[in-house]
Participant: 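Can you keep this structure in mind? I'll have questions shortly.
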Amino acid sequence: MTYVVWIPFLPLIASIITLLFGRWYIQKRAHWLPCIAVFGSFLLAMKTLIAVIHGARASFDLYSWIIADTFKVGVGFQVDPLSAMMMAMVTCLSFLIHVYSIGYMEDDPGYYRFFAYISLFTFSMLMLVSGNNFLQLFFGWEAVGLCSYLLIGFWYQKKSAADAAKKAFIVNRFGDFGFALGVFLVFLTFGTVYYQPVFEHVHEVAHETIRLFGHDVLLVTLMAVLLFCGSLGKSAQFPLHVWLPDAMEGPTPVSALIHAATMVTAGVFLVCRCHEIFELSNVAMAVVAAAGTFTCFMAATIAPTQFDIKRVIAYSTLSQLGYMFMACGVGAFAAGMFHLFTHAYFKALLFLGAGSVMHAMHHAPDPTDMRYMGGLKKYMPETFWTFLIASLSISGVPGLAGFFSKDEILWSAFASVYPWGKLVWFVGTLVAGLTAFYSFRVVFMTFFGEFRGREVLHGHEPHESPKVMTIPLMILAVGAVVTGWLGVPSALGGSNHFAHFMEPVLGHPHFHLSPALEEHEHLVELLLMGVSTVVGLLGIYIAYVVYCQRPELQRLLPEKCPKLYRYLYRKWYWDEIYLYSIIKPTLFLARGVIQGVLDSACIEGTVNGIPDLIRRGGEGLRKLQNGVVNTYALIMATGAAVVLLLIYLF
């Protein structure tokens, strides 16, 4: 299966050629090479996936990367159900986003640079998911961080875009530092960074402890928590979640790529790939579940107060990623990956649909503000129907992809052996209603009612996007429906093919039901599905009442509970908390103490002060050498007098 190496390297080659020579392409042709390369990667990824379905497995090194004493690591590839599924999903979505970008970025002066960057982004993610060792994982990890910086700040002339890129890059440094320490600890413990020997021998150190700050800590707990630090950053979970909403400053196809196929899915992939380590520590599993549950709820309460269409979808990503970590935190790793898989399609569709709306509103001062939209379904029917399918899917409406993957997580949490499973289920069910509400808030504010943007469009009429943008939307709409049918649970008469496919890598969740419930397991699962479905439909209905039937209700929360509304609208004040607790003290330390005292007074004072002292001494001596004999005689007499005085005294 050596052809697997071409899956990441085709986009890399296309990226390098486009970046070096794209400036000299005819502007409209700069997309051809990246699109063809990513499509080629998609075909090879599908060939790999089919081979894995039929039982093929492989793990090999392409070449030796680093050899230093006992440390040896190569650039290698691991082909198994997890990597094959990820490669197929990443290349499929990346190709569709490449095609969509042809229309969206048509008039941008950085056209060739954009396609070079997103091809590099695709290469980075493919290297991350296909590697057979932690160091290659870390390489892909940092490479997607670099690409996100380049693409979020793509319009670097805008201060807000440049600031958002720096914010994403710097926040991720905190998580990546912990991740790097985790990789070091893996090597120190096992003497290798290759997955296979690490996971084979991790049970041997399950009860070993390490002394940390005067306390004995389980080695696997420390290892898992350090690795999870990286997931907190890349997958934007609390407390490192603050960069993702601001990442909306990049072009919309970038948002779709980051939120659906690449960067933010890396954290979930890491936890699932290392599930053997995490499952040995209840503390680590509790940390994963707590981070996911809190982030899921927090983001779902913020989204209904935002008016930027992309920002609402960004907070839905935070919430849905929380769902995935909730699944991992109760041991349902396959369910977490299943939701990652289905979420990729409906989330890419939501972002690209929002981009299509922004394309129609591009004459407005702020084409993302939903308060100036409304009634767009008659102008943009193809965008409306595809966006509606994505919204129904994320809301968990039965028959669509989101329903199957979301309810798999809720059932796994309810039946989990972990004591926090019931809390995870309760929060997940509550968030299901909030998700349906704010998702259809976007639908109703954008596509229903009267068009409210005539004044800001200055006479321009909204229009449907070109076919090069709407055809990818239609394909993604199919994915937002059919991908869920790969995991139909046995309670609905299915075989859950996705879970069985992933079982050799991710195992099977351990359930713990009381004897009474265990006897009626399928009935309980169907009941939980019914509860979450009713909650989701109730959220849609409330959104319809508030934003279609009785618009005056929109003022209810701001007027009756202004402090609560302001708290949610200001995103729980996390930006302000970080500003006053971290950013300003750091700037004061840097500018006031380090620059003002250490640099200016001590370092520059020493470096510049000694030469200045020598200069001043020289100037004083130069005044004595004035050529006047009387002065010399006076100095000599004074010196002789001083010498005689010293002799007399001593």
Side-chain angles (χ1 to χ4, degrees), residues 7-12 14-16 19 34 38 41 45 75 77 82-83 86-87 89-95 97-98 114-131 133-154 164-180 182-183 227-237 240-241 243-244 246-247 249-251 253-273 314 317-318 321 324 340 343-344 347-348 351:
I7 296 175
F9 284 118
L10 284 177
L12 175 64
S15 173
I16 293 172
L19 192 60
V38 173
S41 294
V75 173
F77 295 86
L82 181 58
S83 61
M86 288 296 294
M87 286 190 289
M89 184 268 289
V90 170
T91 52
C92 175
L93 290 176
S94 180
F95 172 68
I97 292 168
H98 272 69
F114 177 83
F115 279 95
Y117 287 170
I118 59 172
S119 291
L120 185 63
F121 208 164
T122 305
F123 157 77
S124 303
M125 189 64 188
L126 290 171
M127 289 296 286
L128 188 156
V129 300
S130 64
N133 62 79
F134 281 96
L135 199 61
Q136 185 170 323
L137 172 67
F138 189 76
F139 165 78
W141 199 268
E142 294 304 309
V144 294
L146 171 63
C147 293
S148 70
Y149 171 77
L150 295 173
L151 285 165
I152 294 169
F154 181 77
K166 288 184 286 186
K167 185 176 184 179
F169 196 77
I170 292 170
V171 169
N172 272 277
R173 298 285 66 72
F174 289 90
D176 293 357
F177 177 71
F179 181 34
V183 175
L227 292 173
F228 185 59
C229 287
S231 295
L232 290 176
K234 282 291 180 287
S235 292
Q237 296 296 285
L240 301 180
H241 66 283
W243 68 270
L244 191 60
D246 291 348
E249 291 291 340
V254 173
S255 302
L257 200 58
I258 290 176
H259 287 247
T262 56
M263 184 148 162
V264 299
T265 63
V268 183
F269 172 83
L270 169 64
V271 174
C272 291
R273 175 60 82 188
T317 301
L318 284 177
L321 288 167
M324 299 171 206
L340 182 152
H343 171 266
K347 182 51 56 70
F351 267 112

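Nothing fancy with the numbering, it's 1 onward along the sequence.
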Participant: Are R173 and F169 in a cation-pi setup, meaning NZ or CZ lies under 6.0 angstrom from the ring centre and within 45 degrees of the ring axis?
Facilitator: yes
Participant: Among residues at least two apart in sequence or on other chains, which ones pass ring pair (Phe, Tyr, Trp, His ring centres under 6.0 Å) with F114?
Facilitator: F154
Participant: Begin from the C-alpha positions of I258 and V264 and carry the test side chain to side chain contact (heavy atoms under 4.5 Å, CB included) through to its verdict.
Facilitator: CA-CA 6 Å; I258 290 176; V264 299; 4.0 Å; yes
Participant: Does the pair K167 and I152 meet the rule for a side chain to side chain contact (heavy atoms under 4.5 Å, CB included), with working shown?
Facilitator: CA-CA 10 Å; K167 185 176 184 179; I152 294 169; over 6 Å; no
Participant: In Å, rounded to the nearest 0.5 Å, how long is the span from CG of L244 to OG1 of T317?
Facilitator: 6.0 Å
Participant: With sequence neighbours excluded, tell me which residues meet side chain to side chain donor-acceptor pair (under 3.5 Å) with E249.
Facilitator: K158, S160
Participant: Any idea which heavy atoms bring V90 and A261 closest together, and the distance?
Facilitator: CG2-O, 3.3 Å
Participant: For G140 and L128, which heavy atoms make the closest approach, and how far apart are they?
Facilitator: C-CD1, 3.7 Å
Participant: Who passes ring pair (Phe, Tyr, Trp, His ring centres under 6.0 Å) against F228, sequence neighbours left out?
Facilitator: F325
Participant: With rounding to the nearest 0.5 Å, note down the distance linking CZ in F121 to CD1 in I97.
Facilitator: 9.5 Å
Participant: F139: what forms a ring pair (Phe, Tyr, Trp, His ring centres under 6.0 Å) with it, not counting sequence neighbours?
Facilitator: none
Participant: Measuring from atom CE of M86 to atom CE of M125, what distance do you get when rounded to the nearest 0.5 angstrom?
Facilitator: 4.0 Å
Participant: After noting the C-alpha distance and the side-chain angles of L340 and M89, does the key distance pass the side chain to side chain contact (heavy atoms under 4.5 Å, CB included) rule?
Facilitator: CA-CA 10 Å; L340 182 152; M89 184 268 289; 3.5 Å; yes
Participant: Got a donor-acceptor contact below 3.5 angstrom from the T265 side chain to the T262 backbone?
Facilitator: yes
Participant: Run the side-chain contact (heavy atoms from CB on, under 4.5 Å) test against C229 and tell me which residues pass, sequence neighbours left out.
Facilitator: none
Participant: With sequence neighbours left out, write down each residue that passes salt bridge (Lys or Arg N to Asp or Glu O under 4.0 Å) with K234, or none if nothing qualifies.
Facilitator: D176
Participant: If I compare all heavy atoms of V254 with all of L151, which pair ends up nearest, and what's the gap?
Facilitator: CG1-CB, 3.5 Å
Participant: How close do W243 and A236 get, counting heavy atoms only, and between which atoms?
Facilitator: NE1-CB, 3.8 Å
Participant: Of all residues at least two apart in sequence or in a different chain, which pass the side chain to side chain donor-acceptor pair (under 3.5 Å) check with S15?
Facilitator: none
Participant: Just to verify, what does F174 make a side-chain contact (heavy atoms from CB on, under 4.5 Å) with, not counting sequence neighbours?
Facilitator: I170, L240
Participant: Given side chain to side chain contact (heavy atoms under 4.5 Å, CB included), test M263 with N172 step by step and report yes or no.
Facilitator: CA-CA 11 Å; M263 184 148 162; N172 272 277; 3.6 Å; yes
Participant: W141 and A266: which non-hydrogen atoms are nearest, and at how many Å?
Facilitator: CZ3-O, 3.5 Å
Participant: How would you list, by chain and number, every residue that makes a ring pair (Phe, Tyr, Trp, His ring centres under 6.0 Å) with F134, sequence neighbours excluded?
Facilitator: Y195
Participant: Mind checking whether F77 and F9 have parallel, tilted or perpendicular rings, split at 30° and 60°?
Facilitator: perpendicular
Participant: Got a sec, which residues hit side-chain contact (heavy atoms from CB on, under 4.5 Å) with F115, two or more places apart in sequence or on another chain?
Facilitator: H31, P34, C35, H98, S101, I102, Y111, I118
Participant: State which residues pass side-chain contact (heavy atoms from CB on, under 4.5 Å) with L150; sequence neighbours excluded, sorted by chain then number.
Facilitator: Y117, L146
Participant: Scan for side chain to side chain donor-acceptor pair (under 3.5 Å) pairs involving residues 121-130, sequence neighbours excluded, and state none if there are none.
Facilitator: S94-T122
